[in-house]
Amino acid sequence: MSQAYFPVGPGLGLEENFLSLDDILMSQEKLPGRAESALPRLALALGQGPGSAESVPEGSKLEIPLWLAKGLHDSKRRIISVELPKIYKEAWRTVFNADANVVDLHKMGPYYYGFGSQLLNFDNPENPEIAQSILQTFINRFRRIMDSSQNAYNEDTSALVARLDELERALFQVGQKGLNDFQCWEKGQASQITASSLVQNYGKRKFTEMDG
């Protein structure tokens with residue numbers, strides 16, 4: 001029986017992949033912000049009023065979905081301004097720098113890496129520090145995630161993944177699948193070891209780039 005939906009991976013960097021369910025959900029995450037000018041007929045979309053005909057007054061504090069914030073953001077016209085969510089501010093970047101493994105990323109934001117990358121679309125003087133912090137956090141947490149996935153065979157892994165963001169959970173599942181496939185092969189329950197889908201997709205992408 002064929003699958004009704006083949007999972008599509010999230011986009012990378014500043015652009016979402018709108019065929020990806022993860023990116024669709026991530027784009028609904030909200031940013032704190034402020035209306036720099038009146039926003040006609042957007043009160044309902046921004047949770048500011050009972051009807052779509054209502055306008056959002058200039059100076060109103062907002063909670064703006066990421067997809068709408070990107071659409072309204074214009075550095076020249078100053079329609080809205082956005083603020084950094086607290087987990088990306090300097091205080092939290094210091095915590096991540098000290099020991100990224102102690103943070104419950106899923107509680108703080110289930111799309112920490114993807115959402116943080118999207119913040120770079122907005123003009124913010126802290127963008128270089130945010131980008132570096134996101135990258136370093138991933139590097140610091142990656143080894144523990146993969147070690148955990150390789151040392152939990154036929155065990156309940158719910159506690160291990162509870163503190164991970166969605167990208168980290170996907171990596172954990174890849175590690176688990178690799179471990180399970182190897183165990184099956186070692187017991188003679190599989191005829192051969194096949195390359196992981198991540199490696200196969202990377203190879204296809206490199207071949208396409210060379211062919212172009």
Side-chain angles (χ1 to χ4, degrees), residues 7-32 65-67 69-70 82-152 157-181 195-206 209:
V8 177
L12 298 173
L14 302 179
E15 297 301 324
E16 303 106 316
N17 182 343
F18 286 104
L19 295 177
S20 167
L21 290 179
D22 281 330
D23 274 2
I24 291 171
L25 293 172
M26 183 266 291
S27 70
Q28 300 296 323
E29 295 285 311
K30 293 184 177 180
L31 280 166
L66 173 63
W67 64 267
K70 288 178 67 176
V82 297
E83 301 173 11
L84 288 178
K86 64 179 182 179
I87 196 171
Y88 300 101
K89 291 182 178 180
E90 183 179 3
W92 272 101
R93 295 201 301 266
T94 302
V95 173
F96 283 118
N97 187 55
D99 187 356
N101 288 294
V102 304
V103 182
D104 185 342
L105 273 192
H106 202 266
K107 180 179 180 181
M108 299 302 294
Y111 299 98
Y112 169 77
Y113 299 106
F115 193 71
S117 297
Q118 292 294 311
L119 293 179
L120 304 180
N121 281 291
F122 304 101
D123 302 321
N124 189 304
E126 297 181 57
N127 277 354
E129 289 79 12
I130 295 169
Q132 180 61 35
S133 178
I134 293 171
L135 175 61
Q136 196 60 48
T137 296
F138 180 80
I139 293 171
N140 292 343
R141 289 169 64 96
F142 177 79
R143 181 171 181 176
R144 178 174 290 188
I145 292 166
M146 298 312 293
D147 283 348
S148 297
S149 74
Q150 297 297 294
N151 290 291
T157 60
S158 56
L160 294 174
V161 302
R163 297 165 62 85
L164 307 182
D165 103 315
E166 293 299 325
L167 173 62
E168 293 175 336
R169 290 183 176 190
L171 289 171
F172 185 92
Q173 291 172 0
V174 170
Q176 282 272 281
K177 185 179 185 305
L179 174 63
N180 290 335
D181 288 349
S196 75
S197 59
L198 289 178
V199 173
Q200 291 174 343
N201 290 337
Y202 177 77
K204 291 177 182 177
R205 186 168 59 186
K206 292 298 288 184
E209 290 173 356

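For the atom pair CZ of F172 and CD of Q150, the computed distance is 9.0 Å after rounding to the nearest 0.5 Å. Residue D147 holds its CG atom at 5.5 Å from CZ of R143, rounded to the nearest 0.5 Å. Here the CG-CG distance, from L120 to N127, works out to 5.0 Å after rounding to the nearest 0.5 Å. A distance of 7.5 Å separates CG of D165 from NE2 of H106, quoted to the nearest 0.5 Å. To the nearest 0.5 Å, atoms CZ (R141) and OG (S148) are separated by 10.5 Å. Atom CD1 of residue I134 and atom CZ of residue F115 lie 10.5 Å apart, to the nearest 0.5 angstrom.
The side-chain heavy atoms of Q176 and T157, taken from C-beta on, include a pair separated by under 4.5 Å. Considering only heavy atoms from C-beta on, E166 stays 4.5 Å or farther from Y113 through its side chain. Using a 4.5 Å heavy-atom threshold, the side chains of Q118 and E29 count as separate. Contact annotation: the side chain of Q28 never approaches that of L66 to less than 4.5 Å [non-hydrogen atoms, C-beta and beyond]. Considering only heavy atoms from C-beta on, F96 comes within 4.5 Å of L105 through its side chain. Contact check for L84 versus I130: side-chain heavy atoms found under the 4.5 Å cut-off. Two residues are said to be in side-chain contact when any heavy atoms from C-beta on lie closer than 4.5 Å; L119 and L31 meet this criterion.
Closest approach of V103 and M108 over heavy atoms only: CG1-CG, 4.2 Å. In this structure, D104 and A162 approach most closely via the heavy-atom pair OD1-O, 3.9 Å. The minimum heavy-atom distance linking S149 with G175 is given by the pair OG-CA, 3.5 Å.
A 6.0 Å sphere centred on CD of E126 holds more than 12 heavy atoms belonging to other residues, nucleotides or ligands.
Side-chain N/O atoms of Y112 and E168 include no donor and acceptor closer than 3.5 Å.
Proximity of a side-chain donor or acceptor of R93 to a complementary backbone N or O of S133 within less than 3.5 Å is not detected. Between the side chain of Y88 and the main chain of G116, a donor-acceptor pair closer than 3.5 Å is present. At least one donor-acceptor pair closer than 3.5 Å links the side chain of N140 to the backbone N or O of Q136.
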